[in-house]
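So the structure is just underneath, and the comments pick up after that.
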Amino acid sequence: MKLATWNVNSLSVRLPHLLDWLAAHPVDAIVLQETKLTDDKFPLAEIEAAGYRAQWFGQKTYNGVALLSREAATDVTRNIPGFTDEQARVIAGTVDGVRVIGGYFPNGQAPGSDKFAYKMGWLEALKAWVAREMATHPDLVLLGDFNIAPEDRDVHDPVAWAGQIHCTDEERAHFRALLGLGLHDAFRLFEQPPRSWSWWDYRNLAFRKNQGLRIDHVLVSDTLKPRVTACSVDKAPRRLERPSDHAPVVLTLDEPVAQSSSPSS
DNA sequence: ATGTCACCTGGTAGGTGA
């Protein structure tokens with residue numbers, strides 16, 4: 001089973017990239033962020049023609065998330081239950097027995113700002129809700145654009161970024177708190193190329209200079225961890241014309257081990 | 001190099017968010 005996350009930075013602009021990518025990488029499910037579409041504008045026909053079912057949750061101009069899957073998702077949830085939020089940031093569903101939670105975490109703008117305070121409250125609510133979800137869905141993946149670089153090795157220039165948004169101690173503490181629920185950063189379960197990022201600013205020739213951050217993540221629960229066989233960033237779409245500023249991150253899972261009915265002594 | 005992109009309102013640019 002393969003799962004992916006991709007911040008497409010406008011699904012209407014990036015739909016051709018997405019369809020091309022899915023044709024080459026027929027993942028079982030993908031969560032999208034920053035669709036930037038109201039629900040009536042969602043390109044369902046094109047996505048269904050590509051062989052995917054879809055759940056989506058958007059708004060005008062900003063944010064917006066979607067869950068595309070080969071098999072229909074069940075028990076679909078939009079945003080964090082019990083957390084009043086005008087912004088469309090979360091879509092969750094159960095796909096092939098795996099609880100998939102896709103999130104577009106708040107950017108936070110700058111430490112001390114109102115948007116930063118919103119980010120902190122959102123992260124707290126997310127953690128509490130994910131803990132509840134894990135209690136009922138042991139096989140769980142939390143993935144998306146976290147807008148947090150968890151460690152200095154996830155930052156091209158840790159000195160320049162020290163204390164800046166995505167890299168503050170408060171954000172990193174929230175990331176560790178999610179791990180503390182019993183989640184694992186799938187990317188770090190494997191040897192990775194040095195200086196691996198998932199986002200490169202459009203400015204400053206950042207992609208050409210490989211100046212980026214790893215802020216898109218795939219966290220897997222304890223029970224899924226033994227099934228993880230790969231996790232990687234696919235930089236190829238970032239090289240295309242008119243790319244998103246983010247690259248997809250892909251998780252590969254082995255099939256679950258069948259429960260044996262015979263005694264194993 | 002603050003060297004970009006996407007979207008909005010209301011324009012033939014400026015503002016916002018990332």
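What's counted below: heavy atoms across the whole structure, side chains too, no hydrogens, waters or symmetry copies.
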Report the residue (A:Pro243 or A:Gln87) whose heavy-atom-nearest nucleotide on DNA chain B is the more 5′ of the two.
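It is A:Pro243 whose nearest nucleotide is closer to the 5' end.
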
Taking the nucleotide of DNA chain B with the closest heavy atom to each, which residue, A:Asp245 or A:Asn204, is nearer the 5' end?
A:Asn204

Audit row: A:Arg172, A:Asp152, salt bridge (charged side-chain N to carboxylate O under 4.0 Å, His left out) steps and yes/no:
CA-CA 10 Å; A:Arg172 288 175 169 180; A:Asp152 279 354; 3.0 Å; yes

Atom pair distance, as rounded to whole Å: [atom1] in [X] and [atom2] in [N]:
{"X": "A:Lys36", "N": "B:dA18", "atom1": "NZ", "atom2": "C1'", "value": "7 Å"}
{"X": "A:His166", "N": "B:dG17", "atom1": "NE2", "atom2": "P", "value": "15 Å"}
{"X": "A:Tyr202", "N": "B:dG17", "atom1": "OH", "atom2": "P", "value": "18 Å"}
{"X": "A:Gln59", "N": "B:dA18", "atom1": "CD", "atom2": "P", "value": "10 Å"}
{"X": "A:Ile215", "N": "B:dG17", "atom1": "CD1", "atom2": "P", "value": "18 Å"}
{"X": "A:Glu241", "N": "B:dC5", "atom1": "CD", "atom2": "P", "value": "11 Å"}
{"X": "A:Leu213", "N": "B:dA18", "atom1": "CG", "atom2": "C1'", "value": "12 Å"}
{"X": "A:Arg203", "N": "B:dG17", "atom1": "CZ", "atom2": "P", "value": "14 Å"}

If the P atom of B:dG11 is compared with that of B:dA6, how far apart are they to the nearest Å?
24 Å

Write down the distance separating the P atoms in B:dT16 and B:dG10, rounded off to the nearest Å.
14 Å

Counting the benzene-type ring for Trp, do A:Phe175 and A:His217 have ring centres under 6.0 Å apart?
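Yes, ring centres under 6.0 Å apart.
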
Using the benzene-type ring in the case of Trp, are the ring centres of A:Phe105 and A:Trp122 under 6.0 Å apart?
yes

A:Leu178 side chain near A:Lys127 side chain, heavy-atom distance below 4.5 Å
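A:Leu178 reaches A:Lys127 side chain to side chain.
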
Using a 4.0 Å heavy-atom cut-off, does [X] contact any base of the nucleic acid, only the sugar-phosphate backbone, or nothing at all?
{"X": "A:Arg14", "value": "sugar-phosphate"}
{"X": "A:Ser12", "value": "sugar-phosphate"}
{"X": "A:Tyr104", "value": "sugar-phosphate"}

For nucleotides 10-12 of chain B, which of its nitrogen or oxygen atoms have a protein nitrogen or oxygen under 3.5 Å away, and what is each distance?
none

Mind checking whether A:His166 and A:Trp199 have parallel, tilted or perpendicular rings, split at 30° and 60°?
tilted

Where the side chain of [X] is concerned, which of [options] is the nearest nucleotide?
{"X": "A:Asn9", "options": "B:dC8, B:dG17, B:dA6", "answer": "B:dA6"}
{"X": "A:Tyr62", "options": "B:dG17, B:dC5, B:dA18", "answer": "B:dG17"}
{"X": "A:Lys115", "options": "B:dA18, B:dT2, B:dC7", "answer": "B:dA18"}

Other residues, nucleotides, ligands: >12 heavy atoms within 6.0 Å of A:Arg208 CZ:
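Result for CZ/A:Arg208: open.
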
Can you list the other members of the hydrophobic cluster that holds A:Trp6, where links are side-chain heavy atoms under 4.5 angstrom apart?
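Besides A:Trp6, the cluster holds A:Val8, A:Leu11, A:Leu15, A:Leu18, A:Leu19, A:Trp21, A:Leu22, A:Val27, A:Ile30, A:Leu32, A:Leu37, A:Phe42, A:Leu44, A:Ile47, A:Tyr52, A:Trp56, A:Leu68, A:Val250.
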
Whether the side chain of A:Asn79 engages the backbone of A:Arg89 through a donor-acceptor N/O pair (distance < 3.5 Å, no angle test) should be reported.
yes

OP1 or OP2 of B:dA6 sitting under 4.0 Å from any side-chain N/O of A:Lys60?
no

